[in-house]
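Everything on this sheet refers to the single structure shown next.
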Amino acid sequence: MTDLETRATPSSRAGALRRAAPALLGYAAVRALGLVALAVWSAARNKSAYTLLTARWDALWYTRVAELGYGYEVRLANGDVHSNLAFFPLLPWLERLVTAVSPLSYADGGFLVSLFASLAAAWGIFAVADHVYGRRAGVCAVLLWAVLPVGIVQSMAYSESLFTALAAWALYAVLTGRWPAAGALALLAGLTRPVGMAVVAAVWVAALASFVRDRRAGEPDGARIAPSAPASASASADASRVLGMLLAPLGTAGYVLWVGHHTGKGPLGYLDVQAGWRNGFDGGYAFARFVAEKFTAFPSALAGVGLIVGVASVIWLYVVGVRQRQPLPLLVYTGVVTALALCASSYFGSKPRLLVPAFPLLLPLALALARLRTRRSALVVGSVAVASAVYGALWLNGSGPP
C-alpha cells in the first residue's frame with residue numbers, strides 16, 4: 001500500500017459519524033433537492049413522483065421477486081424471454097423483510113432500503129476518500145456522487161444504492177486490512193448485482209498483493225532488512241486474508257450456480273437468462289455501433305458527440321486516477337465496473353446508471369474541488385446540484401431509466 005492508504009482512521013463509530021457528518025448532511029440536502037424537483041415537475045404533469053421512484057422499470061421486477069419469488073417471465077413478440085432470474089436476490093429479500101416486520105408494501109420497502117442504503121453508500125464513499133486523501137476530499141467526493149446527472153437513481157427502488165454501499169464499505173475494509181469484513185461485504189455485493197464480481201476482484205487482487213508484500217518485507221532487500229513479525233501474528237494475518245478471499249465470491253457464484261441448477265442449464269445458465277434480455281459482453285462492439293449510427297443525421301449527431309465526450313471523460317478520469325496512484329483495490333474495482341458498463345451489449349440508455357457505483361472515478365474531481373476555497377466549491381456544487389435535480393425530474397418523467 002502507498003502512504004496514502006495508511007492514514008489513521010477514527011477510533012470509534014461515534015467519532016467516525018461525527019467526522020462524516022458534513023458529507024452526510026450535504027448528501028441529504030442534495031438528494032432532498034432532487035426529490036422536491038421531481039415532485040414539483042411530476043405534479044405539473046399529473047404524475048406521481050412516488051410511483052416513478054418505486055413502481056416502474058426494474059423496481060417492478062424487484063417487487064415481483066419479493067412477492068412471488070423466482071420463475072416469472074415475459075415472452076416478447078420477437079421471441080425474447082425476460083425472466084426475473086436476471087435480478088439478483090438481496091434487494092427483494094430486504095423488501096420482503098421490511099414487509100414482514102411492518103405494514104409497508106414491497107414497493108415501500110424498496111424505497112426505504114434505497115433511502116438508507118444511499119446514506120450508507122455516501123458514508124462509505126466518504127470513508128474511502130477520507131482514508132486515502134483526507135476529510136475535505138471525502139466531503140467533496142460524496143457531494144459529487146450526489147450531483148451525478150443520474151443521481152436520482154440513488155433514491156429509486158433500484159439496487160444501485162445498496163450495491164454502492166456494500167462495495168464502498170468492502171473497499172474501505174480492504175484498505176484498512178479488515179479482510180473477513182471485506183469478504184463478507186463482497187459476498188453481499190455479489191448477491192445484489194452481477195457487477196459484484198468487481199468487488200470480488202478488488203478483494204482478491206489486494207489480498208494477493210498483501211501476501212507478496214508481507215513475504216518481501218520478511219526477506220533481505222539489499223541494504224534494508226525488515227524485521228520479521230512473530231510467526232503466530234503472520235499466520236493469523238494469512239488466515240484472515242484467506243478467509244476474506246474465500247468469502248468474497250460466494251454471493252455471485254452461489255446465485256449464478258443456483259440459476260443454472262434452477263433452469264437445468266448448468267453453470268452457464270445465467271448467461272442464457274441474460275441473453276433473453278439481450279445482455280452480454282461483446283467488448284463494446286454493439287455500443288460503438290450505436291454511437292456510430294447517431295452520425296447518420298444531423299440532430300442525432302449531436303447526441304453522438306455527447307456520447308463520445310462522455311466515454312472519453314470516463315476513461316480520462318480513470319487514467320488520472322492511475323497517475324495519482326489511487327490504491328490498487330480502487331483501480332481494480334473501478335476498472336471492472338467501467339469495463340462491464342461500457343463493453344456490455346445491454347440497453348444503451350442504462351449505461352450512465354451502470355456507472356453510478358464507480359465512485360472512485362470521482363476522486364480526481366474531488367481532489368480538484370477540495371483545493372478550491374469553500375465559497376467557490378459550494379457555488380460549483382450548488383449549481384451542479386440544481387442542474388442535476390432538474391435533469392433527474394425531466395428524465396424520470398420522460399423515457400426514464402430502462
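None of these values were measured; they are calculated from a predicted model.
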Can you tell if the side chain of [X] reaches within under 4.5 Å of the side chain of [Y], non-hydrogen atoms only?
{"X": "Pro327", "Y": "Val132", "answer": "yes"}
{"X": "Leu247", "Y": "Leu243", "answer": "yes"}
{"X": "Tyr106", "Y": "Val98", "answer": "no"}
{"X": "Ser377", "Y": "Arg136", "answer": "yes"}
{"X": "Asp80", "Y": "Trp277", "answer": "no"}
{"X": "Trp123", "Y": "Leu119", "answer": "no"}
{"X": "Leu90", "Y": "Leu166", "answer": "yes"}
{"X": "Val65", "Y": "Leu85", "answer": "no"}

Find the distance between [atom1] ([X]) and [atom2] ([Y]) and round it off to the nearest 0.5 Å.
{"X": "Ser42", "Y": "Leu52", "atom1": "OG", "atom2": "CG", "answer": "5.0 Å"}
{"X": "Leu185", "Y": "Arg178", "atom1": "CG", "atom2": "CZ", "answer": "11.0 Å"}
{"X": "Ile125", "Y": "Trp169", "atom1": "CD1", "atom2": "CH2", "answer": "10.5 Å"}
{"X": "Leu257", "Y": "Leu268", "atom1": "CG", "atom2": "CG", "answer": "10.0 Å"}
{"X": "Thr192", "Y": "Leu187", "atom1": "OG1", "atom2": "CG", "answer": "9.5 Å"}
{"X": "Asp58", "Y": "Leu91", "atom1": "CG", "atom2": "CG", "answer": "10.0 Å"}

Worked check of side-chain contact (heavy atoms from CB on, under 4.5 Å) between Ser155 and Leu35: CA-CA 8 Å; Ser155 300; Leu35 293 175; 3.9 Å; yes
Any idea which heavy atoms bring [X] and [Y] closest together, and the distance?
{"X": "Lys294", "Y": "Ala303", "answer": "CD-CB, 4.5 Å"}
{"X": "Gly124", "Y": "Ala168", "answer": "C-CB, 3.7 Å"}
{"X": "Val336", "Y": "Ala201", "answer": "CG2-CB, 4.3 Å"}
{"X": "Ile152", "Y": "Gly392", "answer": "CG2-CA, 4.1 Å"}
{"X": "Pro329", "Y": "Ala202", "answer": "O-CB, 3.5 Å"}
{"X": "Trp61", "Y": "Ser83", "answer": "CZ3-C, 4.0 Å"}

Quick check against the 3.5 Å criterion: does [X] have a side-chain atom that pairs as donor or acceptor with the backbone of [Y]?
{"X": "Thr63", "Y": "Ala107", "value": "no"}
{"X": "Ser118", "Y": "Leu115", "value": "yes"}
{"X": "Ser161", "Y": "Ala117", "value": "no"}
{"X": "Trp204", "Y": "Met245", "value": "yes"}
{"X": "Asn84", "Y": "Tyr62", "value": "no"}
{"X": "Ser48", "Y": "Thr51", "value": "yes"}

Any side-chain donor near an acceptor of the partner, [X] and [Y], under 3.5 Å:
{"X": "Tyr172", "Y": "Asp130", "value": "no"}
{"X": "Thr334", "Y": "Tyr318", "value": "no"}
{"X": "Arg241", "Y": "Ser210", "value": "yes"}

side-chain hydrogen bond (donor to acceptor under 3.5 Å, both in side chains) evaluation trace for Glu67 with Tyr72: CA-CA 11 Å; Glu67 181 179 7; Tyr72 175 81; over 6 Å; no
Please report, to 0.1 Å, the donor-acceptor pairs under 3.5 Å made by any side chain of residues 348-364, with sequence neighbours excluded.
residue : atom : partner : partner atom : Å
Ser350  : OG   : Tyr347  : O            : 2.6
Lys351  : NZ   : Ala341  : O            : 2.6
Lys351  : NZ   : Ala344  : O            : 2.8
Arg353  : NH1  : Glu160  : OE2          : 2.7
Arg353  : NH2  : Pro402  : O            : 2.9

side-chain contact (heavy atoms from CB on, under 4.5 Å) between Leu307 and Phe290, worked out: CA-CA 10 Å; Leu307 289 170; Phe290 174 76; 3.9 Å; yes
Qualifying residues under side chain to side chain donor-acceptor pair (under 3.5 Å), relative to Asp272, sequence neighbours excluded: none
Residues, nucleotides or ligands: over 12 heavy atoms within 6.0 Å of Arg56 CZ: yes
Residues, nucleotides or ligands: over 12 heavy atoms within 6.0 Å of Phe116 CZ: no
Ring-ring centroid check Trp41 Trp395, cutoff 6.0 Å: no
Aromatic contact, Phe111 with Tyr50 (centres under 6.0 Å): yes
Residues Trp145, Thr164; criterion side-chain contact (heavy atoms from CB on, under 4.5 Å); working and verdict: CA-CA 11 Å; Trp145 190 65; Thr164 305; 3.6 Å; yes
Matching residue for Trp258 among Phe88, Tyr70, Tyr270 - test: ring pair (Phe, Tyr, Trp, His ring centres under 6.0 Å): Tyr70
Tyr158 and Arg193: CA distance, side-chain angles, deciding distance, side-chain contact (heavy atoms from CB on, under 4.5 Å) verdict: CA-CA 10 Å; Tyr158 273 35; Arg193 295 183 65 81; over 6 Å; no
